[in-house]
Amino acid sequence: MLKAFYYLNKDVLFLAEDLIGKTLCTNINNIFTCGIITETEAYAGVNDKASHAYNDRRTNRTEIMYSKGGVSYVYLCYGIHHLFNIVTNAKDIPHAILIRAIYPSIGIEEIEERRGRKLSKNLCVGPGKVSQALGINLLHNNLSLTGKEIWVQDDGVKINPSDIQVGPRIGVDYAEEDAKLPYRFWTTNYDFK
DNA sequence: TATAAGATTTACT
DNA sequence: GTAAATCTTATAT
């Protein structure tokens with residue numbers, strides 16, 4: 001389990017990259033599942049047109065992003081998919097990191113059950129799939145990541161820096177010039193274990 | 001109160 | 001490659 005100050009790091013890009021290779025765990029309804037994070041995107045606050053909090057748009061939904069770092073931000077996209085974010089930075093600075101992909105490590109049978117299909121390379125690639133695989137829904141919005149239902153831990157998985165790729169974010173074409181920012185991090189190194 | 005659009009996934013052609 | 005599924009949120013009447 002990572003310490004709370006980890007999430008208070010002020011460099012959301014550093015955290016997004018550093019989270020690659022960490023393990024995201026959930027214990028929901030007494031079902032324990034984990035996956036190694038393989039893809040993230042950073043959303044860098046009020047000056048980031050792709051962020052929900054762009055231009056200091058403080059609403060009921062985005063209020064969670066203004067919390068002190070270390071809590072979850074879960075919201076519904078396209079009416080179907082739950083997207084799971086990690087809120088970072090200090091109170092009133094709405095930075096967050098979207099978890100876009102994991103590699104299942106613990107509870108694979110439960111993950112297959114939730115996903116309704118068998119393990120494959122793409123089973124948990126895509127933010128909606130990640131949430132479904134780990135059982136995350138709107139009930140898990142605004143939860144502490146140092147609590148007992150959702151957390152991130154460091155299992156000592158080493159990722160070679162040359163295996164981490166950087167590029168533009170996905171699905172944010174509306175963000176104009178900010179859509180091109182290299183705020184997405186992912187690894188193609190699936191040789192965990 | 002009503003409307004439009006969205007940090008997507010899936011199945012089908 | 002295209003389209004359908006599906007509902008909350010933000011913004012405008």
Side-chain angles (χ1 to χ4, degrees), chain A residues 7 11-20 22 24 26 33 35 37-67 69 71-89 93-104 110-143 145 150 152 164-187:
Chain A
Y7 305 105
D11 186 346
V12 69
L13 293 175
F14 165 82
L15 280 178
E17 182 167 357
D18 200 59
L19 282 169
I20 302 288
K22 298 286 191 295
L24 176 62
T26 63
T33 49
I37 296 170
T38 58
E39 183 176 353
T40 63
E41 279 180 6
Y43 285 84
V46 297
N47 295 316
D48 182 352
K49 289 184 180 175
S51 171
H52 291 157
Y54 172 63
N55 203 20
D56 206 21
R57 189 166 49 199
R58 197 163 183 154
T59 65
N60 283 340
R61 180 173 68 156
T62 63
E63 187 63 31
I64 294 141
M65 297 177 81
Y66 289 84
S67 304
V71 298
S72 61
Y73 170 40
V74 181
Y75 75 98
L76 192 63
C77 186
Y78 295 105
I80 307 170
H81 304 290
H82 301 288
L83 272 59
F84 171 73
N85 298 253
I86 294 173
V87 175
T88 71
N89 216 311
I93 302 180
H95 288 189
I97 297 168
L98 171 68
I99 306 301
R100 292 191 57 87
I102 61 170
Y103 185 82
E110 281 81 3
I111 289 174
E112 289 177 334
E113 170 85 19
R114 283 174 180 148
R115 292 279 299 117
R117 54 196 65 209
K118 289 297 181 184
L119 182 63
S120 70
K121 190 167 185 180
N122 290 323
L123 185 67
C124 303
V125 175
K129 296 181 189 174
V130 170
S131 299
Q132 187 183 19
L134 297 179
I136 296 169
N137 59 49
L138 289 178
L139 295 175
H140 307 106
N141 191 21
N142 198 17
L143 290 181
L145 295 174
I150 304 179
V152 179
I164 294 183
Q165 307 194 46
V166 182
R169 290 171 293 188
I170 299 289
V172 294
D173 294 342
Y174 58 87
E176 302 171 21
E177 74 274 13
D178 287 346
K180 304 193 187 93
L181 292 173
Y183 281 7
R184 183 163 68 103
F185 302 89
W186 74 98
T187 178

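Below, each value reflects all heavy atoms present in this structure, side chains not excepted, and no hydrogens, waters or symmetry copies. Naming: A, B, ... by sequence-line order, numbering from 1 per chain.
- Without hydrogens or angle criteria, A:Asp178 side chain to A:Ala50 main chain gives no donor-acceptor distance under 3.5 Å.
- With DNA chain B read from its 5' end, the first of the two nearest nucleotides for A:Arg115 and A:Phe84 is the one closest to A:Phe84.
- Enclosure of atom CD in A:Gln165 by more than 12 non-hydrogen atoms of other residues, nucleotides or ligands within 6.0 angstrom is indicated.
- Judged purely by atom type and a 3.5 angstrom limit, A:Arg115 uses its side chain to pair as donor or acceptor with the backbone of A:Leu123.
- Smallest separation of non-hydrogen atoms from A:Thr62 and A:His52: CG2-O, 3.5 Å.
- Between A:Glu176 and A:Lys49 there is a salt bridge, with a side-chain nitrogen of the basic residue lying less than 4.0 Å from a carboxylate oxygen of the acidic one.
- Nearest heavy atom pair, residue A:Pro182 against residue A:Val166, reads O-CG1, 3.5 Å.
- Among the atoms of the strands shown, none is found under 4.0 Å from any heavy atom of A:Arg184.
- Counting all heavy atoms, side chain and backbone alike, A:Leu98 lies closest to A:Tyr43 at CB-CE1, 4.0 Å.
- The shortest non-hydrogen separation linking A:Ser72 to A:Ile64 is O-CG2, 3.5 Å.
- Near DNA chain B, defined here as any heavy-atom distance below 4.0 Å, the residues from residues 55-65 of chain A are A:Met65, listed numerically.
- Applying the salt bridge (charged side-chain N to carboxylate O under 4.0 Å, His left out) test to A:Glu63 and every residue at least two apart in sequence or in another chain returns A:Arg58.
- For residues 12-20 of chain A, proximity to DNA chain B is found at no residue, defined as any non-hydrogen atom under 4.0 angstrom from a strand atom.
- Annotation: side chain of A:Asp18 is not in contact with side chain of A:Phe185 (no heavy-atom distance under 4.5 Å).
- Here the range on DNA chain B touched by chain A, meaning any atom under 4.0 Å from one of its heavy atoms, is B:dG6 to B:dA11.
- Contact detail for A:Arg184 and A:Ile170: the closest heavy-atom pair is NE-CG1, 3.6 Å.
- Looking only at side-chain heavy atoms (C-beta outward), A:Ser131 and A:Val74 stay at 4.5 Å or farther from each other.
- For the pair A:Leu15 and A:Tyr7, the tightest heavy-atom approach, listed with the atom from each and the gap, is CD1-O, 4.2 Å.
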Using atom names, set out every protein N or O paired with an N or O of nucleotides 2-6 of chain C below 3.5 Å, distance rounded to 0.1 Å.
residue	atom	partner	partner atom	Å
C:dT6	O2	A:Tyr78	O	2.8

(request) Whenever both distances are under 3.5 Å in a Watson-Crick or G-U wobble pair, mark it; put DNA chain B into dot-bracket that way, with [ ] for crossing pairs and | when the partner is on another strand. (result) ||||||.|||||.
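- Looking at A:His82 and A:Leu76, their side chains come closer than 4.5 Å, going by heavy atoms from C-beta outward.
- In this entry the distance linking OH of A:Tyr54 with C1' of C:dA10 reads 16 Å, nearest Å.
- The CG atom of A:Leu139 sits 15 Å away from the C1' atom of C:dT8 (whole-angstrom rounding).
- Side-chain contact check for A:Thr38 versus A:Trp186: every heavy-atom pair is 4.5 Å or farther apart.
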